[in-house]
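Treat the numbers as computed from the prediction; the structure is a model and nothing was measured. We count residues from 1, following the sequence as given. Below, each value reflects all heavy atoms present in this structure, side chains not excepted, and no hydrogens, waters or symmetry copies.
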Amino acid sequence: MALKHALGAVVVFTSIVVYHNSCYCGFVFDDISAIKDNRDLRPHTPLINILFNDFWGTPMHKEQSHKSYRPLTVLTFRWNYMFQQLEPMGYHLVNMLLHSVVCLMYFRMCSMFVPELSSFAAAMLFAVHPIHTEAVTGVVGRAETLSSIFFLAAFTLYCKSGKSKKATDWKCLSISMLCVATAMLCKEQGITITGVCAVYEIFVQQKVRLPEIKHMVKTAITGKTAYHLPWSNEATKRIFVLAVTTICLLLVRLQIMGSQLPVFTRFDNPASVTHTPIRQLTYHYLISLNLWLLLFPCDLCCDWTMGTVPLVESITDPRNLATITAYAFLLTFLFIAFNSDNRQQSAVILMGLAFLILPFLPASNLFFPVGFVVAERVLYMPSMGFCMLIAYGWNILADKKGKKLTTLGLAALILAHGSKTYVRNWDWETEYSIFMSGLRVNQRNAKLFNNVGHALEGQGKYTEALRYFHTAVSVQEDDVGAHINVGRTYNHLKMFKEAEDAYLKAKSLLPKAKPGESYQARIAPNHLNVFLNLANLISKNSTRLEEADMLYRQAISMRADYTQAYINRGDILIKLNRTKEAQEVYERALLYDSNNPDIYYNLGVVFLEQGKASQALAYLDKALDIDPEHEQALLNSAILLQELGRPELRKIARERLLKLLHKESTNERVHFNLGMLAMDDKNIEEAEHWFRRAVHLKVDFRSALFNLALLLADDHRPLEAAPFLNQLVKYHPDHIKGLILLGDIYINNIKDLDAAENCYKRILELDPVNIQGLHNLCVVYVERGKLLQAQTCLEQAHKLAPGEDYVLRHLQIVKNRIAKHKININDKQGDEEVNFNDNRVISNGSSKSVDGTEKTTQPVVSKASDKQRYSSHVVNTEPVFVKNVESYVNEEDFEDETADIVRHTKEVVSEKVIKDRHKSNYDVGTDGDDPSSGMS
């Protein structure tokens with residue numbers, strides 16, 4: 001017993017040593033959709049959702065669903081998210097520990113059939129086998145390891161329930177059946193353990209031989225003579241329980257699937273859409289290929305779809321020899337097992353074959369097509385039987401050839417496999433490393449080129465990415481996703497004509513509709529994203545919005561439940577000012593996806609466009625109820641709450657902005673709006689802090705620069721404001737209010753009349769009828785003593801704005817000055833020499849006019865729009881006229897150009913090349929493109 005514990009500890013230790021470096025890998029490949037993009041992991045999502053959605057978070061009833069129902073695995077991911085959020089190390093650590101538990105359980109299970117040292121050898125081989133890296137190092141491989149724990153537990157308990165020949169341990173049997181159901185809820189393969197238990201019951205426990213089976217079948221068919229089952233009544237009861245459990249679980253599984261198989265295309269599994277006999281020849285060849293990977297796991301690849309394995313198109317294809325060899329190998333083992341007089345040998349071979357074959361059947365394509373050609377992680381369970389047979393063979397060889405030599409050979413094999421596994425783990429470090437590792441052994445799969453391109457694209461290396469996308473097109477010319485990728489990359493490179501051509505090429509490759517046939521059942525859902533990408537591209541041209549709308553309507557006509565097309569079409573309708581239609585489109589989208597926060601968010605935008613702030617806020621809050629982390633809803637609901645002007649609502653707005661800040665500390669918009677909130681609360685110091693942070697994060701942040709400068713000027717710190725205004729007009733030379741304020745500071749504080757004059761002349765270049773700019777230019781002429789020129793200037797201003805009393809008043813002041821000093825209008829020389837002792841610039845706070853009244857600007861409360869929002873605070877700017885003449889600055893001083901209510905046009909990230917799924921990824925951005933990698 002002590003030796004057994006020690007050997008078990010060695011197995012666990014070895015598994016941890018070999019896989020410990022997997023903890024330093026990130027989320028790659030399938031992990032992105034199963035973990036990062038899966039809303040079912042988020043605490044705010046109702047826990048019950050995992051019972052109705054597939055492994056990727058898509059409702060099971062939808063055609064897009066992969067029908068992979070694994071709620072218990074998703075539950076463990078949810079627990080991971082509760083503690084680590086999206087920190088990969090915690091997820092990888094759990095996977096490593098689960099694999100260690102499986103290795104230990106496997107070691108003890110093997111001890112039931114082979115000697116202790118042989119079971120130790122089998123467990124060590126299983127612990128380090130390189131074929132397991134995808135199941136252990138890939139986070140989504142947890143479905144395999146978690147299911148295997150209950151798979152082995154169900155088998156061990158079943159064996160225990162039949163230890164007594166006279167009675168069944170019904171407690172153990174009941175728990176065993178519960179473990180079967182649990183294993184199936186972790187991954188579908190788990191149900192195959194009932195077949196393994198049946199093989200064990202009939203051929204090991206009851207020791208039934210082949211002749212007895214033949215006789216039973218013969219008498220059952222002919223019915224001429226009565227026959228008795230060649231096993232005990234207790235065994236019959238246990239087999240009956242196995243059969244009932246299996247049937248019930250299968251019926252429940254079919255019910256959950258809606259009696260529909262997932263939809264796959266020729267890109268996922270080319271053989272599935274070919275005709276007889278090519279399909280059958282290819283499927284049977286794949287069995288030999290999987291056996292080869294178990295025997296020689298040298299050239300491993302993360303993706304075996306598309307053209308990786310060419311179809312076996314004729315009987316004369318030499319690969320058929322591999323198929324014949326594989327079946328000969330299996331039949332030979334079966335023959336030995338049924339004809340051997342050695343009971344132990346027979347039991348080991350039968351159980352090894354049962355563990356090897358039965359768990360592989362669901363992925364074999366022999367009963368129904370699957371969404372991949374070869375998937376290394378589905379060999380996790382079958383490798384249990386393989387390792388048991390290898391270890392038993394080693395035991396026989398050791399008895400015949402000597403233990404020293406065979407032990408050295410086994411040690412060398414374990415060391416080689418362990419080293420290969422350790423190195424292979426690093427392939428999962430990043431998206432780039434995993435797909436480049438695939439390209440090193442597989443140059444026939446366009447998806448690998450696509451995904452390397454995606455990885456480079458994520459690093460901003462668009463030119464290099466384009467080269468890989470073009471290679472993908474050359475490898476698989478009819479790959480719709482590859483053409484989409486080419487188009488998107490051209491779009492990033494601002495080569496819009498080439499991008500449109502690539503999208504049109506992808507569109508032309510879509511299958512054409514056939515009379516009387518449902519279009520949506522014949523096309524990969526994510527291939528329709530080409531309509532979204534093309535429409536998003538052409539909608540950048542405002543004259544082609546109707547054309548973009550037509551593309552969205554075409555996509556919707558092909559798939560009525562294509563919610564992304566509804567979302568994007570609604571955005572186009574808003575741009576066309578057809579907000580009522582946009583509202584109807586979004587409401588229709590809710591019929592197909594009532595839990596999509598983006599739709600509620602966009603409905604909020606529609607109501608904002610219609611000026612219905614309260615309804616808009618209700619929909620934004622609904623979006624946050626579904627997804628409390630929804631960034632656009634957090635930001636824009638905070639702005640809307642602030643606009644309502646109530647202190648208690650400003651507190652909620654602040655909480656939402658701080659939540660956003662915690663998520664993304666480099667978001668300059670959040671800092672800016674926190675500054676606006678501080679202004680509403682009259683907290684100048686805090687407002688200055690947030691505005692400075694916003695400017696630090698984005699040096700050309702138009703509104704932050706202006707509002708910070710205005711705040712500083714109002715706080716009697718004009719010299720501090722000047723650099724920010726100069727920075728503003730450097731990046732935004734058309735910012736009229738900034739130029740007005742900068743000219744004000746040049747006159748009042750810096751005393752640079754030339755600079756001030758340049759500011760006002762620039763304003764008049766931008767807007768020749770701008771009264772503020774023209775009036776303040778008149779002030780410069782007065783400051784220079786050019787009263788005649790000032791008079792002409794003010795007369796022009798009065799002509800442009802006859803209703804402005806202050807212009808007329810200031811014009812009269814200048815005329816009085818001219819009359820007082822007896823200046824003739826035609827005396828040009830005198831115009832240059834006038835100088836008054838009282839001709840000084842009014843300082844902060846001394847804005848008294850000649851009649852003793854004080855002019856102040858009034859606070860203005862503006863309404864929210866989706867373009868600009870103004871604070872209810874207006875800072876009084878400096879008077880810039882000589883003694884009795886004041887400046888006039890627009891009351892809408894504080895501006896918010898970036899805290900706009902942004903329509904959430906959903907950008908579809910399709911075809912991320914997930915090996916055995918149809919899950920589309922979605923990512924919000926600004927160009928509306930659809931990263932696609934050719935997966936159907």
Item to complete: Decide, yes or no, whether a salt bridge links E648 with K651 under the criterion of side-chain N to carboxylate O below 4.0 Å.
Response: no
Worksheet item: Going by heavy atoms in the side chains, are Y586 and V605 under 4.5 Å from each other?
Response: no
Worksheet item: Atom OH in Y566, atom OH in Y552: separation rounded to 0.5 Å?
Response: 14.5 Å
Worksheet item: Quick one: salt bridge (Lys or Arg N to Asp or Glu O under 4.0 Å) partners of K612, sequence neighbours excluded?
Response: none
Item to complete: Please tell me if the side chains of K737 and H735 come closer than 4.5 Å, counting only heavy atoms from C-beta onward.
Response: yes
Fill in: Geometric class of the H671/W690 ring pair [parallel <30°, tilted 30-60°, perpendicular >60°]
tilted
Worksheet entry | Partner of E629 by salt bridge (charged side-chain N to carboxylate O under 4.0 Å, His left out), out of R39, R656, K659, R42 | K659
Discussion item. So does G57 get a backbone contact from the side chain of D54, meaning a donor-acceptor N/O pair under 3.5 Å?
Written reply: yes
Worksheet item: Does the side chain of S637 come within less than 4.5 Å of L617's, by heavy atoms?
Response: yes
Worksheet item: Are C759 and I740 close enough that some pair of their side-chain heavy atoms sits under 4.5 Å apart?
Response: no
Discussion item. Closer than 3.5 angstrom, by distance alone: can the side chain of N707 be matched with the main-chain N or O of S703 as a donor-acceptor pair?
Written reply: yes
Item to complete: State plainly whether the residues R569 and E584 are in salt-bridge range, i.e. N to O under 4.0 Å.
Response: no
Item to complete: Answer yes when R717 and E688 have at least one side-chain N-carboxylate O distance shorter than 4.0 Å, and no when they do not.
Response: yes
Fill in: Side-chain H-bond candidate by donor/acceptor type, E457 with H492, under 3.5 Å
yes
Item to complete: State which residue, out of E686, E720, E685, E668, fulfils the salt bridge (charged side-chain N to carboxylate O under 4.0 Å, His left out) condition with R692.
Response: E720
Worksheet item: Between K698 and N667, does any side-chain donor sit less than 3.5 Å from a side-chain acceptor?
Response: no
Discussion item. I want to know whether Y619 and Y601 have ring centres closer than 6.0 Å.
Written reply: no
Fill in: Shortest non-hydrogen contact between A582 and V606, atoms and distance
CB-CG2, 4.0 Å
Discussion item. Which residues pass the side-chain hydrogen bond (donor to acceptor under 3.5 Å, both in side chains) test with Y600, not counting sequence neighbours?
Written reply: none
Worksheet entry | L661 vs L657, side-chain contact (heavy atoms from CB on, under 4.5 Å): CA-CA, chis, key distance, verdict | CA-CA 6 Å; L661 193 65; L657 290 172; over 6 Å; no
Discussion item. So that I can tick it off, tell me whether E546 and R578 are bridged by a salt bridge, with the cut-off set at under 4.0 angstrom between side-chain N and carboxylate O.
Written reply: yes
Discussion item. Closer than 3.5 angstrom, by distance alone: can the side chain of N636 be matched with the main-chain N or O of Q632 as a donor-acceptor pair?
Written reply: yes
Discussion item. If only side-chain N and O atoms count, and only distance matters, is there a donor-acceptor pair under 3.5 Å linking S539 with R544?
Written reply: no
Discussion item. Pairing donors with acceptors under 3.5 angstrom, does anything connect the side chains of D700 and H732?
Written reply: no
Worksheet item: Are a donor atom and an acceptor atom from the side chains of D40 and Y81 found within less than 3.5 Å of each other?
Response: no
Worksheet item: Have N80 and Q84 got a donor and an acceptor in their side chains that come within less than 3.5 Å?
Response: yes
Worksheet item: Which value, rounded to the nearest 0.5 Å, describes the distance between L725 atom CG and Y746 atom OH?
Response: 8.5 Å
Item to complete: Kindly indicate, with the supporting measurements, whether the criterion side-chain contact (heavy atoms from CB on, under 4.5 Å) is fulfilled by N776 and D744.
Response: CA-CA 8 Å; N776 288 357; D744 173 8; 5.7 Å; no
Practice prompt. State whether a side-chain donor-acceptor pair under 3.5 Å links Q642 with N673.
Written response: no
Worksheet entry | Any Q583 side-chain heavy atom under 4.5 Å of L603 side chain | yes
Discussion item. One pair to check against ring-ring contact (aromatic ring centres under 6.0 Å, His included): Y806 and H775. What are the steps and the verdict?
Written reply: CA-CA 10 Å; Y806 74 94; H775 171 266; 5.0 Å; yes
Worksheet item: What orientation do Y91 and F27 show, parallel under 30°, tilted 30 to 60°, or perpendicular over 60°?
Response: perpendicular
Fill in: Ion pair D734/R702, N-O distance below 4.0 Å
yes
Response to the item:
Value for CG (L711) from CZ (F691), rounded to nearest 0.5 Å, stands at 6.5 Å
Item to complete: Consider only side-chain N and O atoms of H630 and D598, and report whether a donor and an acceptor are under 3.5 Å apart.
Response: yes
Discussion item. Once rounded to the nearest 0.5 Å, what's the spacing between atom CG of D627 and atom CG of N595?
Written reply: 11.5 Å
Discussion item. Does N602 form a side-chain contact (heavy atoms from CB on, under 4.5 Å) with D571? I'd like the steps, not just the answer.
Written reply: CA-CA 8 Å; N602 284 6; D571 179 63; 5.6 Å; no
Item to complete: Applying side-chain contact (heavy atoms from CB on, under 4.5 Å), run through Y760 and N770 and close with a yes or a no.
Response: CA-CA 10 Å; Y760 299 132; N770 187 287; over 6 Å; no
Worksheet, complete the sentence: Here the gap from D593 atom CG to T563 atom OG1, rounded to the nearest 0.5 Å, amounts to 5.0 Å
Worksheet entry | N/O donor-acceptor pair under 3.5 Å between H44 side chain and I626 backbone | yes
Worksheet item: How close do A687 and A678 get, heavy atom to heavy atom, and via which atoms?
Response: N-CB, 3.5 Å
Discussion item. Just so I know, are the side chains of L728 and L739 near enough to count as touching, which here means a heavy-atom distance under 4.5 Å?
Written reply: no
Fill in: Side chain N726, main chain A722, donor-acceptor under 3.5 Å
yes
Item to complete: Side-chain contact test, heavy atoms from C-beta onward, threshold under 4.5 Å: evaluate it for L674 versus R693 and give yes or no.
Response: no
Fill in: For F724 against A709, the heavy-atom pair lying closest together
CB-CB, 4.3 Å
Worksheet item: Going by heavy atoms in the side chains, are R78 and L47 under 4.5 Å from each other?
Response: yes
